[in-house]
Number of protein chains: 2
Amino acid sequence: MKFLLVEDNAELAKAISSRMKFDGHVVDHADKIGDAIAFSETGEYDLILLDIMLPDGDGRSFLKQHRSGGQDTPVIVLTARSQVSDRISMLDLGADDYVTKPFDHAELQARCRAVLRRKAGKGKTEIELGGAVFDPVAGTLQIGGAAIGLRNRELRLLELFMNAPGQIFSKQKLFDRLFSIDDDASENAIEVYVGRLRKHLEGCDLRITTLRGLGYRLDHG
Amino acid sequence: MKFLLVEDNAELAKAISSRMKFDGHVVDHADKIGDAIAFSETGEYDLILLDIMLPDGDGRSFLKQHRSGGQDTPVIVLTARSQVSDRISMLDLGADDYVTKPFDHAELQARCRAVLRRKAGKGKTEIELGGAVFDPVAGTLQIGGAAIGLRNRELRLLELFMNAPGQIFSKQKLFDRLFSIDDDASENAIEVYVGRLRKHLEGCDLRITTLRGLGYRLDHG
DNA sequence: TCAGACGTGTCAGGTTTGTGTCAGGTTGGC
DNA sequence: GCCAACCTGACACAAACCTGACACGTCTGA
């Protein structure tokens, strides 16, 4: 996936884009509205992350031009907690979602995935795999008709796996995605959650394989 | 489909119309009541999107003239959150639905589709779910034949849930949608309203599920 | 102008439960 | 057989949530 990040705070921009790159995305970075528009007009982005406070105008003007140019690239707005009015009008102007600063990277990732999925699947967010149906928006997992109640962390862990079945996630990576910087939990927590998730997945053809020293992987079949 | 958009806020108008165009519709835009009437008299529109706060009078006068002219083009009213009471009179005057700002584009799309479908198939305006009949248009909730009186905030909360049953709403999101910028209420208010709504929903198969750390969800069955 | 009704948001105290840790057991590679 | 990595049942705690009571403001009708 190719992302466009529009953010004037260099530090934050670097943090976000390095994380995104780590996740396997390509990130272009603009720190001015002018640049952002020029970039986006190429139309080659899958998603745009837009800060609304920028040196040469606010995100509104970008959104306006972006949409009036007939572009439909999804936009997620990054906004401060205090700017409630802004994030509301952003939605009106055609933003697809907003994330309030300060945000966990995990949260941002989740929102990105949700928006991309919504865009790609025409509103459908469910993922079907190995006899299980997972809907991250509803927060439900269905196995053989029965709905299974998942909690917050379990849900987010499952979402990670479901989005990349067959891929190895190192414990460190899972930890980074599940916890925020200032959470100081031990890596054992991951083991615990994998265990809990496994229990929930009994009864379908999905299983989480342990790869000693490497991490975990979701397999089906 | 050909839409008429009556909206004086140029930014918002552009955002809406560009999105609609992207969806494959043709959009004409009027920013005054006078123009709107002239446009609509051609009778060539499938749907009219009407803001009620306009420089040369409010949407009421447009609606009145529109209907008295014998036109039955469906009208969706765009209204600010604060103008809740207005919407009822709008509906009395013959509007088919309303959308409160701020709205997701997805929501607006959904409403448009619903109204068009209704018009084509002569459907009803109520939402029926889990043994309850909710009429967002009249603002009433019926359970087992008995009408339940909902207050303003409860109504709008229920409306949010009813429009997206099975979907998780974070407390933040509910807060953003229920309160306006300068309202500084605590998030506990949401908990209180959910509680009150739950009490009203006793006696039907609808229930609001709490998902700790995630939000709330309307379930039925 | 006053009284009563009503909608609304806060608060405090109580309850629930998601969560991470721990300790001891198990597994797998070398 | 030994060590490290991993699993897991039990547990304790704090955050998240619920709720009855209350206070404040607004509106209405007399």
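Please read these numbers as outputs of a predicted model, since none were measured by experiment. Reminder, nothing fancy here: chain letters follow the sequence lines and each chain counts from 1.
A salt bridge does not link B/Arg198 with B/Glu202: every distance from a Lys NZ or Arg NE/NH1/NH2 to an Asp or Glu carboxylate oxygen is 4.0 Å or more.
Separating the CD1 atom of A/Ile190 from the P atom of C/dT21 is a distance of 10 Å, rounded to the nearest angstrom. The CZ-C1' distance, from A/Arg153 to C/dT17, rounds to 14 Å in whole Å. A/Leu155 has its CG atom 12 Å from the P atom of C/dG18, to the nearest Å. Going from atom CG of A/Asn188 over to atom P of D/dA10 covers 16 Å, rounded to whole Å. Put simply, CG on B/Leu197 is 15 Å from C1' on C/dT8, counting in whole angstrom units. Protein atom CG of A/Leu174 is 13 Å distant from nucleotide atom P of C/dG20, rounded to whole Å. In this structure, CZ of B/Arg198 is placed 9 Å from C1' of D/dC17, rounded to the nearest angstrom. Remark: P of C/dG24 and CD of A/Glu191 are 17 Å apart, rounded to the nearest angstrom.
Applying the 4.0 Å criterion to OP1 and OP2 of C/dT10, one finds that B/Tyr193 has every side-chain N and O outside that range. Taking side-chain N and O atoms only, A/Thr210 has a distance below 4.0 Å to OP1 or OP2 of D/dC7.
Side chain B/Arg151 to base C/dT8: no donor-acceptor pair is found below 3.5 Å. Scanning atom types as modelled, no donor and acceptor separated by under 3.5 angstrom connect the side chain of B/Arg196 and the base of C/dG7. The base of C/dT19 is not paired with the side chain of A/Asp183 by any donor and acceptor separated by under 3.5 Å.
Within 6.0 Å of NZ on A/Lys2 lie more than 12 heavy atoms contributed by other residues, nucleotides or ligands.
With distances taken from any side-chain atom of B/Lys199 to the nucleotides D/dT19, D/dG20, C/dG20, the minimum falls on D/dG20. In the set C/dG28, C/dT8, D/dA16, D/dA16 carries the atom at the smallest distance from any side-chain atom of B/Arg212.
Figure legend: cation-pi geometry between A/Arg153 and A/Phe179, with NZ or CZ positioned under 6.0 Å from the six-membered ring centre and within 45° of its axis.
Of the candidates A/Asp31, A/Leu49, A/Leu78, A/Glu7 forms a side-chain contact (heavy atoms from CB on, under 4.5 Å) with just one, namely A/Leu78.
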Next on the checklist: The test is side chain to side chain contact (heavy atoms under 4.5 Å, CB included); show your working for A/Ile190 and A/Tyr216 and say whether it passes.
Outcome noted: CA-CA 10 Å; A/Ile190 298 296; A/Tyr216 299 92; 4.3 Å; yes

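Remark on DNA chain C: of its neighbouring residues B/Leu150 and B/Ser186, the 5'-side contact belongs to B/Leu150, judged by nearest-heavy-atom nucleotide. Both A/Ala189 and B/Ala185 sit near DNA chain C, but only B/Ala185 has its closest nucleotide nearer the 5' end.
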